There are 2 protein chains.
Amino acid sequence: MKQSLASKITPRNALDSFKTICAKTGIKATHQRLQIYDEMVKANDHPTAEILFERLREAMPTLSLDTVYRTLATFEQHHIIKRVKTDRHKTRYEAKMNRHHHFICQECETITDFNWSSFDKDKLPEEVQRLGTIIDHSITVSGICRDCTTNRD
Amino acid sequence: MKQSLASKITPRNALDSFKTICAKTGIKATHQRLQIYDEMVKANDHPTAEILFERLREAMPTLSLDTVYRTLATFEQHHIIKRVKTDRHKTRYEAKMNRHHHFICQECETITDFNWSSFDKDKLPEEVQRLGTIIDHSITVSGICRDCTTNRD
DNA sequence: CTAAATGCAAAATTTTTGCAGTCCC
DNA sequence: GGGACTGCAAAAATTTTGCATTTAG
């Protein structure tokens, strides 16, 4: 996989680096985008567009939900963030761009990242490579998280 | 993973076996469910609820889309079919219940199944097992399929 | 300046729900 | 017969779009 622009950026210098990302991708560094990106980098809970909107609204009362949607779509196109595939309908997003995998709780919908470096080193089977050009791949584990298991009747 | 009820059923005897599935799961074997299940077993293109509805409508003019949604939800609850996670909004479904993985074309949204038995034999890392009870897991590969690569300008 | 981005409102898309009637077990 | 299921219509939920205005480069 191609090294992504955002992969070297830590929360600490996210705001400083965002202008560089914009310069490289050719998108404009607006106030809204800056804030949305910052919030995405801080978030480790794979928020939906709506959740992100609620978080940002406090500091930006005039922000509109459609701008959040449009911005996230733009970020995704430029590989600044990723969509996360879940079984549910609401699309969720993450700014963590290095390779990792997801555990998704079927009960509470919490998404937890995990690493599996020995898997990451493996090549995908020939059969898959023949299907086309591979851009990305990851493992999704679905189950019931510890919290939900404990809290069950 | 627990062996699913539908996994031994081939298209040939799908209709015959559907009543058995219903008996085991305790759901009623209605005409609509029979037809929807049959269509799902025949389909190898991971259709959406709407596409399935269109296919069935010819033979069942009074079928309604909400019944298709409700039926697919019921089937999913009883592990008769699975939802397929895609980046896009429309939920897609499949009746192939044995372990396999997906290649999803980012251009045409075609989902192609592939097998990777050596991966399937591996245990997930300890780190993941600690997150909770694992129900299922699979690999999603995203890329551009051969057809889309060829047809590009 | 100018093309791109935003906010507002309205629409489009996808999925769910209430209810009255129908059908399986 | 009784509870589960269906169809209809209407609503809910999620995402997208058109347009006038504002803003970054």
Side-chain angles (χ1 to χ4, degrees), chain A residues 15-16 18-39 46-54 56-78 80-81 83-93 109, chain B residues 15-16 18-39 46-54 56-78 80-81 83-93 109:
Chain A
L15 282 170
D16 300 338
F18 185 66
K19 291 201 172 185
T20 313
I21 294 176
C22 288
K24 287 198 185 173
T25 56
I27 65 171
K28 291 190 175 175
T30 66
H31 178 57
Q32 289 87 338
R33 286 179 176 172
L34 219 98
Q35 296 302 309
I36 292 172
Y37 181 70
D38 185 43
E39 199 65 43
H46 312 80
T48 63
E50 184 117 35
I51 288 170
L52 209 53
F53 172 63
E54 289 302 336
L56 289 159
R57 211 139 80 127
E58 267 187 63
M60 306 173 71
T62 67
L63 180 70
S64 64
L65 178 57
D66 52 310
T67 296
V68 177
Y69 274 109
R70 273 192 274 225
T71 303
L72 292 173
T74 304
F75 284 178
E76 199 210 353
Q77 278 164 37
H78 293 283
I80 298 166
I81 62 165
R83 284 180 183 237
V84 182
K85 305 163 227 289
T86 77
D87 272 350
R88 299 293 155 198
H89 307 308
K90 279 200 179 178
T91 305
R92 298 178 60 170
Y93 300 88
E109 299 267 309
Chain B
L15 283 168
D16 301 337
F18 185 66
K19 291 199 172 184
T20 313
I21 294 177
C22 288
K24 288 197 184 177
T25 55
I27 65 171
K28 292 192 172 173
T30 66
H31 178 57
Q32 289 87 338
R33 286 177 177 173
L34 219 97
Q35 296 303 309
I36 291 172
Y37 181 69
D38 185 42
E39 198 67 41
H46 313 78
T48 64
E50 183 118 35
I51 289 169
L52 210 52
F53 171 64
E54 290 302 336
L56 289 159
R57 211 140 79 128
E58 268 187 63
M60 308 175 69
T62 67
L63 179 71
S64 65
L65 177 58
D66 51 310
T67 296
V68 177
Y69 273 111
R70 272 192 274 226
T71 303
L72 292 174
T74 304
F75 285 178
E76 199 210 353
Q77 277 164 37
H78 293 282
I80 297 166
I81 62 165
R83 285 180 184 237
V84 182
K85 306 163 227 286
T86 77
D87 272 350
R88 298 294 154 199
H89 307 307
K90 280 201 178 176
T91 305
R92 299 178 60 169
Y93 299 89
E109 299 267 308

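Keep in mind it's a predicted model, so treat the numbers as computed, not measured. Residue numbering restarts at 1 for every chain, and letters A, B, ... go by the order of the sequence lines.
Rounded to whole angstrom, the span from the CG atom of A/L65 across to the C1' atom of C/dA12 amounts to 15 Å. Here the P atom of nucleotide D/dT6 and the CG atom of B/L34 are 11 Å apart, to the nearest Å. Per the geometry, CD belonging to A/Q77 stands 13 Å off C1' belonging to D/dT16, to the nearest Å. Counting to the nearest Å, the P atom of D/dG7 and the CG atom of B/L56 are 11 Å from each other. As a whole-Å value, the separation of B/D66 CG from C/dT13 P is 19 Å. A straight line from OH of B/Y69 to P of C/dG18 spans 18 Å, rounded to a whole angstrom. D/dA13 atom P lies 16 Å from atom CZ of A/F53, rounded to whole Å. Atom pair B/H78:NE2 and D/dC5:C1' shows a separation of 12 Å (rounding to whole Å applied).
For D/dG7, one of the phosphate oxygens OP1 or OP2 lies less than 4.0 angstrom from a side-chain nitrogen or oxygen of B/T62. Note on A/T91: a side-chain N or O is less than 4.0 Å away from OP1 or OP2 of D/dT15. For the pair B/Q32 and C/dC23, the criterion of a side-chain N or O lying under 4.0 Å from OP1 or OP2 is not met.
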Q: Kindly indicate, with the supporting measurements, whether the criterion side chain to side chain contact (heavy atoms under 4.5 Å, CB included) is fulfilled by B/H89 and A/H89.
A: CA-CA 7 Å; B/H89 307 307; A/H89 307 308; over 6 Å; no
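Taking the six-membered ring where tryptophan is involved, the planes of B/F18 and B/Y37 are essentially parallel, since the angle between them stays under 30° and well short of 60°.
Among the protein residues, A/A29 comes within range of the sugar-phosphate backbone only, with heavy atoms under 4.0 Å from sugar or phosphate atoms but none that close to a base. Heavy atoms of B/T74 sit nowhere under 4.0 angstrom from any nucleic acid atom. As judged by a 4.0 angstrom heavy-atom cut-off over every strand, A/T48 is placed among residues making no nucleic acid contact.
Across C/dA3, C/dG7, D/dG7, the shortest atom-to-atom separation from the side chain of B/T67 is found for D/dG7. When distances are taken from the side chain of B/H89 to each of D/dG7, D/dT16, D/dC5, the shortest belongs to D/dT16. Minimum atom distance to the side chain of B/K28 is reached by D/dG3, of the listed D/dG25, D/dG3, D/dC8.
A residue-by-residue look at A/I27 and A/Y93 shows that A/Y93 has its nearest nucleotide of DNA chain D further toward the 5' end. In terms of position on DNA chain C, the residue among B/H31 and B/A73 whose nearest nucleotide sits closer to the 5' end is B/A73. Between B/K90 and B/R70, the residue whose closest nucleotide on DNA chain C is further toward the 5' end is B/K90.
B/R92 places a side-chain N or O within 3.5 Å of a backbone atom of B/H46 that can act as its donor or acceptor partner.
Listed here is the closest heavy atom pair of A/E50 and A/L65: CA-CD1, 4.0 Å. When every heavy atom of B/A49 is checked against every heavy atom of B/V68, the shortest pair comes out as O-CG1, 3.6 Å.
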